[in-house]
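Working notes for the structure below.
Below, chains carry the letters A, B, ... as their sequence lines are ordered, and counting in each starts from 1. Quick note: numbers below take in every heavy atom, side chains included, and nothing from hydrogens, waters or symmetry partners.
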Amino acid sequence: MSNIVVDKSKVPWWVSNVIVPLVNLTLALLVSGLFVFIAGENPIEAVKLIIYGSFGYIQGFAYTLYYTTNFIFTGLAFAVAFHCRLFNIGGEGQAYIGGLGVFLVAINLSFLPVPIVWLLAIFGAFLFGAAWAYIPAYLQSKRGSHVVITTIMFNFIASSLMIFLLVDVIRDTNQMAPHTVKLPEEIWLPSFEAFSGILGIKIRYSPLNLTFLLAIASLFFVWFLVWKTKWGYEMRAVGHNTQAAIYAGISPHKNIIIAMCISGGLAGLLGVNEILGVSHKIQAGFPAGYGFTGIAVALMGRNHPIGILPAAFLFGILYQGGSEVTFEMPNITRYMFVAVQGLIILFSGALENLFRPQIESFFVRRLNREVNA
Amino acid sequence: MVSPILELTDINKSFGHVQANKNINLKINKGTIHGIIGENGAGKSTLMSIVFGLYQANSGSIKINGKEINLRSPRDSIINGIGMVHQHFMLVENFTVLENIILGFEGETVFGEKLQKAKEDLEKLCQTYNFNIDLDATISDLSVGFRQRVEILKSLYRGAEILILDEPTGVLTPQEVDELFKILRSLKDEGKTIVLITHKLIEIMDLTSEVSVMRQGEMVGHTKTEDTSKEQLAEMMVGRSVLLRVDKKDIKKGETIFKVNNLSVKDDLDVTRVKDVNLEICSGEILGIAGVTGNGQTELLEALSGIRKVESGSIELFGEKISDQNNFLNPRMLKEKGLAHVPEDRQRMGLISDFKAHENLIFGYHDQEPYSKSAILNNKEITEYSNKVMQEYDVRPNSPNLITSNFSGGNQQKIILSRELNENPKVLLVGQPTRGVDIGAIEFIHQRLIDMRDKGAAILLASVELDEILSLSDRIIVMFDGKIVGEKENKNVTDRELGLLMAGVA
């Protein structure tokens, strides 16, 4: 095993932040192609189908962006907590509870002017998600209970709590399925069809809605918060070196709580997309794994909004293109794409440093040669 | 003549630019207790880690009983009969004594006969050396002294003929130290060889028959213990290198600014590290704290700067009580009152090495104008300010956007100093300002501290470098074992006098 030591200060930013993730992604996709081949289908055809499914026609593209919206929220959620070195695995539960917040605000305040209902519903989503993250944050900062463990447990608690509510408390009593009544139609967020109708393009149903813009705004919000405010500065200080933070009079306790609550709040915003934008009611299990995939999105995006946007988009492509493939290729099941996601997580997360030293030292040597020449 | 049991020839070891061991020669005779003494950072632990196979020397040879051996890992050393008891014990807390000792040497897959045999052997060993240990006790139930015995027993069971103990008494109570010394003497009587690494002169005089002194990575002397004295050893240990004289005006002492009354402070392990300390600092004065590392200076500085809770006693700043056992002001509040702190350990506390230089330059002041306004950081101001102070303090390279870990130690220290001195503090607490800093930067840092003093700041300077204390301080106190054991005006004080106080002799 060679032991390559690279002087980090000499590595150009684009090598570690663009080239390395791309190499890892390519590897993951190559291995995925192998799986597709073993399953008895042509990998190249599969890639064509993915590209067609996610870009080829306007409705497919709308679906891709709808998935992207969800991944931006959950990816940002993980990233914010990570800057305080907290692994918030609880995005799934926080999103679930966030959905409850959206619904409760929207249904109870639907008499208000529509834009105000939207704003309050967004606020409700953030607040409920944040509240759900507050408990593990408190336990971490005061009691030292590891946030990874508690957030995982809180996913289960959220799930059970929501099932209980959906069955016994807030179920639409005109039917038996565990979901609520629909919100009044006038407060639904405008969908992409409505916009495209104005532009004269006619498309069939798509779930893409105004929440996409909220997701883009959230990217700016996180970038601003983490790098441009004293709160972000303090969160990063606590995350990088708690001892030093204490020395500078920065409270680790306070910052752990703030970071987790903002993280939970961002995850909660997924509820805005799903409930105010798409299904207009709470259905059992609506977060559908977006919370967990958000971890992979954040890892791939190197916890920076500029990275999270393309990473979320990539996962959007995989979700949308993947469903196209499973539809066209009977040998490829839905689960195959779960495996592909897994491979991407494996290569861009766990095996992140597999080729990093080689790639970095390659570029450092090359660039040095250019300088010397 | 019988060849020595352990012989080191021309051992060299460097970590990056730092040479921890330079051409070390050492002979240790069988059946002796051999002391290796030196200040912290003199290279004692590094040397012994080489002997135990934890590090590999860059050059030099190691001979055991006259035969040259190659030690690539602790396992090689164990096979060659070398055992080591580290400062921090390497025990599995929730295993029993027996389980810890046989760990890695179980000898069978399913425990049965061999375990029984091991137990019998160990019981015999315990009896021979009076260990008095219950082999079935769980480690987490044992006191520190007993844990150390388990470590010794482990080495013996693995066939150690040479036993290296690295600062074994640092964590022990005086009674436990006595017990340990009894055990070590009986080991010597049975023909084992013991290497004792320490910075405490008393232990050397008490226990050893031969002693080697290290200073700054070099071996500066070997002698028989009976032919030397504490005073002589202290002199060798501290060295008598030329003082770096700093131009210093006469003191213009002002009113008392900082007052500490009967202060006691505990560390994270609940051990009392500062014991009943009283001191006063006046404006325009530098008060130096001399002492070997680990005698309470760290905890004292942390308590004074609002990082650590006070156990008893109180601290007053400008006549106002800022800390007692019930309340203490946090560092941020103290900053507002004009107190600045350059911490001892810049990597652990003074800086965030992953931050950019400009982020570290405002660390702790980041929520004050002009660096931030209503919670939003003002990057333009911060960069302008960073450029200015980095030039003023000659931080190289002068690039505020560079990640801090890419700066050299001296330049990192300048970043901290510029940050803490820039606000013209009225009280300045400084710990080890020049540790790991090159000579050019040392002069610069010293001059800055003197300037602060001449401007009327009250400065408390803790340093393990005696030269530094002597050249900067107006008044010197010496700490040993958490107490102030001496206080002197810095006139006609010799390093020798201080060295004796530091070692707890005088």
Heavy-atom distances under 4.5 Å only: say whether B:R308 touches chain A with side chain, backbone, both or neither.
neither
Counting only non-hydrogen atoms closer than 4.5 Å, does B:F363 touch chain A with its backbone (N, CA, C, O), its side chain (CB onward), both, or neither?
both
Residue B:I403 versus chain A: region with a heavy atom under 4.5 Å:
neither
Measure the CG-CH2 distance between B:D367 and A:W231 for me, rounded to the nearest 0.5 Å.
11.5 Å
Around atom CZ of B:F318, are there more than 12 heavy atoms of other residues, nucleotides or ligands at under 6.0 Å?
yes
Counting neighbours of NZ on B:K309 that are heavy atoms of other residues, nucleotides or ligands and sit closer than 6.0 Å, is the number greater than 12?
yes
Minimal heavy-atom distance between A:H240 and B:I352, with the atoms involved, is CB-CG2, 3.4 Å
Contacting region of B:N379 [heavy-atom separation from chain A under 4.5 Å]:
side chain
CH2 of A:W227 to CD of B:E359: how many Å apart, nearest 0.5 Å?
10.0 Å
Close contacts, residues 328-339 of chain B versus chain A, judged by heavy atoms under 4.5 Å:
B:P331, B:R332, B:K335
Are the side chains of A:F224 and B:I376 in touch, meaning some heavy atoms are under 4.5 Å apart?
yes
Can you say whether B:Q347 sits under 4.5 Å from chain A via the side chain, the backbone, both, or neither, judging by heavy atoms?
backbone
Which word best sums up how the rings of B:H366 and A:Y233 line up, parallel for under 30°, tilted for 30 to 60°, or perpendicular for over 60°?
tilted
Checked A:A248, A:S251, A:G232 vs chain B; the most non-hydrogen pairs under 4.5 Å come from A:A248
Under 4.5 Å to a heavy atom of chain A? For B:E420 that would be side chain
Closest non-hydrogen contact found for A:Y247 with B:R419 is OH-NH2, 3.1 Å
To the nearest 0.5 Å, how far apart are OG1 in A:T242 and CZ in B:R348?
11.5 Å
CG-CG distance between B:N360 and A:N241, expressed to the nearest 0.5 angstrom
9.5 Å
From A:K228 atom NZ to B:S372 atom OG, the distance as rounded to the nearest 0.5 Å:
13.0 Å
